[in-house]
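The sequence lines fix the lettering, A, B, ..., with proteins before strands; numbering per chain opens at 1.
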Amino acid sequence: MRFSRFFLPVLREEPKEAEIVSHKLMLRAGLISQQASGLYAWLPLGYKVLRKVQAIIEQEQDRSGAVELLMPTLQSADLWRESGRYDDYGKEMLRIVDRHERDLLYGPTNEEMITSIFRSYVRSYKDLPLNLYHVQWKFRDEIRPRFGTMRSREFLMKDAYSFDLDKERAVEAYNRMFVAYLRTFRRMGLTAIPMQAETGPIGGDLSHEFIVLAETGESAVYCHADLLDKPVPGPDIDFRGDLTPIVDDWTSLYAATEDMVDLAEFERTVPADKRISARGIEVGQTFYFGDKYSAPMKATVTGPEGQEIAVHSGSYGIGLTRVVPAVIEAGHDENGIVWPVSVAPFEAILISLKVGDGECDAACERLYNSLRTAGIDVIYDDRAQGAGAKFATADLIGIPYQLIVGPRGLKEGKVEIKHRKDGTRETVGIEEALKRLLELIVPARLETI
RNA sequence: CGGGGCAUAGCUCAGUCUGGUAGAGCACUGGUUUUGGGAACCAGGGGUCGCAAGUUCGAAUCUUGUUGCCCCGACCA
């Protein structure tokens with residue numbers, strides 16, 4: 001992508017409506033644009049990040065055995081009357097009437113619809129286990145939207161729904177999602193800690209919130225410090241095997257949100273120097289809720305002895321439009337965003353220090369072409385601007401590697417690579433630049449897996 | 001929904017108290033010189049001061065209403 005042809009409206013001033021750093025940076029770096037309270041347009045740079053986040057989530061969901069589909073945003077009220085939630089959900093649910101006076105709603109979640117799909121097609125226990133998920137926009141008419149896309153009214157969520165014959169197998173499904181979540185967040189450069197959580201209106205009795213520690217988080221959380229350094233299962237993890245030891249290992253150390261915390265137990269089970277009492281951002285939540293929906297909605301299968309069994313289910317959500325600000329809260333400095341390579345909108349930025357200089361232009365064009373050919377997601381800053389402005393922009397939008405090309409270096413056949421993360425620079429021969437960037441970027445694409 | 005605040009150029013803001021011809025910086029347009037850490041100079045364009053009513057000879061400024069946005073609480077991916 002050539003910068004001069006891209007649409008990247010960066011702001012030099014701090015937007016007055018933003019309070020927290022991620023919201024400020026998302027506006028300043030041209031990731032999002034507010035259209036109304038709690039409603040945001042994703043500008044090209046932000047949309048690239050969102051899609052990279054989505055790709056990682058999909059890879060890890062698929063790896064765990066879940067199957068992707070796509071359900072509509074609008075749902076029939078009748079479906080929700082079946083589960084009893086049409087009346088329970090309250091004003092948070094956006095209710096719509098169509099031209100035939102039929103009651104519709106903009107889905108805040110999809111338990112009812114997925115249960116309806118499930119019961120239409122699945123008849124036998126032999127078709128289980130099944131885990132279906134989608135990534136779709138949701139709407140919840142929050143009383144007070146805030147912090148940009150951290151708490152917006154319309155938001156993009158991955159929601160998965162598992163169906164199993166009994167509780168034991170449902171917990172196995174729960175564990176698969178639990179491990180998939182550990183991997184998913186780690187791949188985005190996040191340290192997300194699973195914590196005991198309330199189940200809220202979704203219902204059920206087993207639930208974890210995946211929390212990223214951040215001062216700007218909306219929940220107070222309490223956990224054991226060792227959870228921060230606990231290794232995450234690698235890509236070779238066998239999701240068909242027994243994951244109980246991993247889940248037990250993670251849940252053996254105390255971790256709970258303010259709604260669930262038992263301070264006496266926290267202090268009894270965690271040594272004083274290991275107690276973390278902090279704030280966190282909830283980026284995902286897992287629930288097991290048994291037959292809460294399958295029983296009233298008659299989602300049953302025929303069991304091995306011919307009996308009708310209401311399936312045991314769980315649901316598992318990740319807020320994509322919340323993950324993006326969470327990544328920024330976890331990775332930024334005074335100059336702007338510091339993206340991990342895995343979700344960076346571009347992996348590298350090619351900065352020409354002297355646009356219009358024949359030799360410099362030629363070298364940049366050559367590098368740009370070879371980088372693209374090698375599969376590096378690169379943006380080429382070909383604007384006729386001073387170097388200062390270009391560096392400031394590159395830092396603000398947080399591109400992990402800056403390839404800096406200027407006439408002075410070119411005289412000696414050298415270019416420079418600057419690492420956004422720690423500001424280190426290395427000078428390499430122009431012919432070595434591509435190889436060096438590949439060395440840096442390719443392993444980082446898998447980010448700490 | 002309760003409490004607080006803001007609304008003037010694309011952005012950040014001054015001007016409002018004390019009514020009298022609409023301002024700055026950045027951004028934008030044209031030109032010249034520039035280009036190694038947010039370039040300089042010259043010349044320009046751009047605002048029915050959120051909206052509506054009222055008071056007044058005269059309203060960005062005073063009054064009332066209204067809408068939008070932000071912050072604090074309850075809700076949540």
My understanding is that a pair needs two contacts under 3.5 Å, Watson-Crick or G-U wobble. By that rule, which nucleotide pairs with A14(B)?
none
H208(A) meets the side-chain contact (heavy atoms from CB on, under 4.5 Å) criterion, sequence neighbours left out, with Y174(A), F178(A), P194(A), L206(A), F210(A), T251(A), T286(A)
With a 4.0 Å cutoff (strictly under), does any side-chain N or O of S37(A) reach OP1 or OP2 of G68(B)?
no
Ring-on-base stacking A77(B) with F155(A) (under 5.5 Å, under 30°)
yes
Mate of C51(B) where both pairing distances stay under 3.5 Å, Watson-Crick or G-U:
G65(B)
Between D291(A) and H312(A): side-chain donor-acceptor atoms closer than 3.5 Å:
no
Quick check: any donor-acceptor pair below 3.5 Å linking the side-chain of R144(A) to the base of C1(B)?
no
Who pairs with U56(B) - Watson-Crick or G-U, where each distance is under 3.5 Å:
none
side-chain hydrogen bond (donor to acceptor under 3.5 Å, both in side chains) partners for Y401(A), two or more places apart:
none
Test of understanding: with side-chain contact (heavy atoms from CB on, under 4.5 Å), list the residues that count as partners of V261(A), not counting sequence neighbours.
Y222(A), Y254(A), A256(A), L263(A)
Pairing partner of A9(B) (Watson-Crick or G-U wobble, both distances under 3.5 Å)
none
Round to the nearest Å and state the distance from E17(A) atom CD to C11(B) atom C1'.
10 Å
With nearest nucleotides of RNA chain B determined for R151(A) and D395(A) from heavy-atom distances, which residue corresponds to the more 5′ nucleotide?
D395(A)
Rounded to whole Å, how long is the line connecting atom CG of L27(A) with atom P of C69(B)?
15 Å
Which residues share a salt bridge (charged side-chain N to carboxylate O under 4.0 Å, His left out) with E82(A), sequence neighbours left out:
R119(A)
Using the closest heavy atom to pick a nucleotide of RNA chain B for each, name whichever of R408(A) or M157(A) lands nearer the 5' end.
R408(A)
Need one value for K418(A): base, sugar-phosphate or nothing, where a base atom within 4.0 Å counts as base even if backbone is also close, heavy atoms only.
base
Nearest-Å distance, CD (E412(A)) to P (G36(B))?
18 Å
Measuring only the C1' atom in each nucleotide, how far is A14(B) from C71(B)? A whole number of Å is fine.
23 Å
Any-strand Watson-Crick or G-U partner of A43(B), both distances under 3.5 Å
U29(B)
Considering every strand shown, what is the Watson-Crick or G-U wobble mate of C76(B) when both distances are under 3.5 Å?
none
Any pair counted as side-chain hydrogen bond (donor to acceptor under 3.5 Å, both in side chains), so long as it reaches residues 9-19 of chain A, sequence neighbours left out:
E14(A)-K24(A)
For nucleotides 25-33 of chain B, print each protein N/O atom paired with a nucleotide N/O atom at under 3.5 Å, atom names and distance only.
residue : atom : partner : partner atom : Å
G25(B)  : N2   : E13(A)  : OE2          : 3.3

Roughly how far apart are T216(A) OG1 and E329(A) CD, rounded to 0.5 Å?
3.0 Å
Any side-chain N or O of R146(A) under 4.0 Å from OP1/OP2 of C72(B)?
yes
From CD of E142(A) over to C1' of C72(B), roughly how many Å is that when rounded to an integer?
16 Å
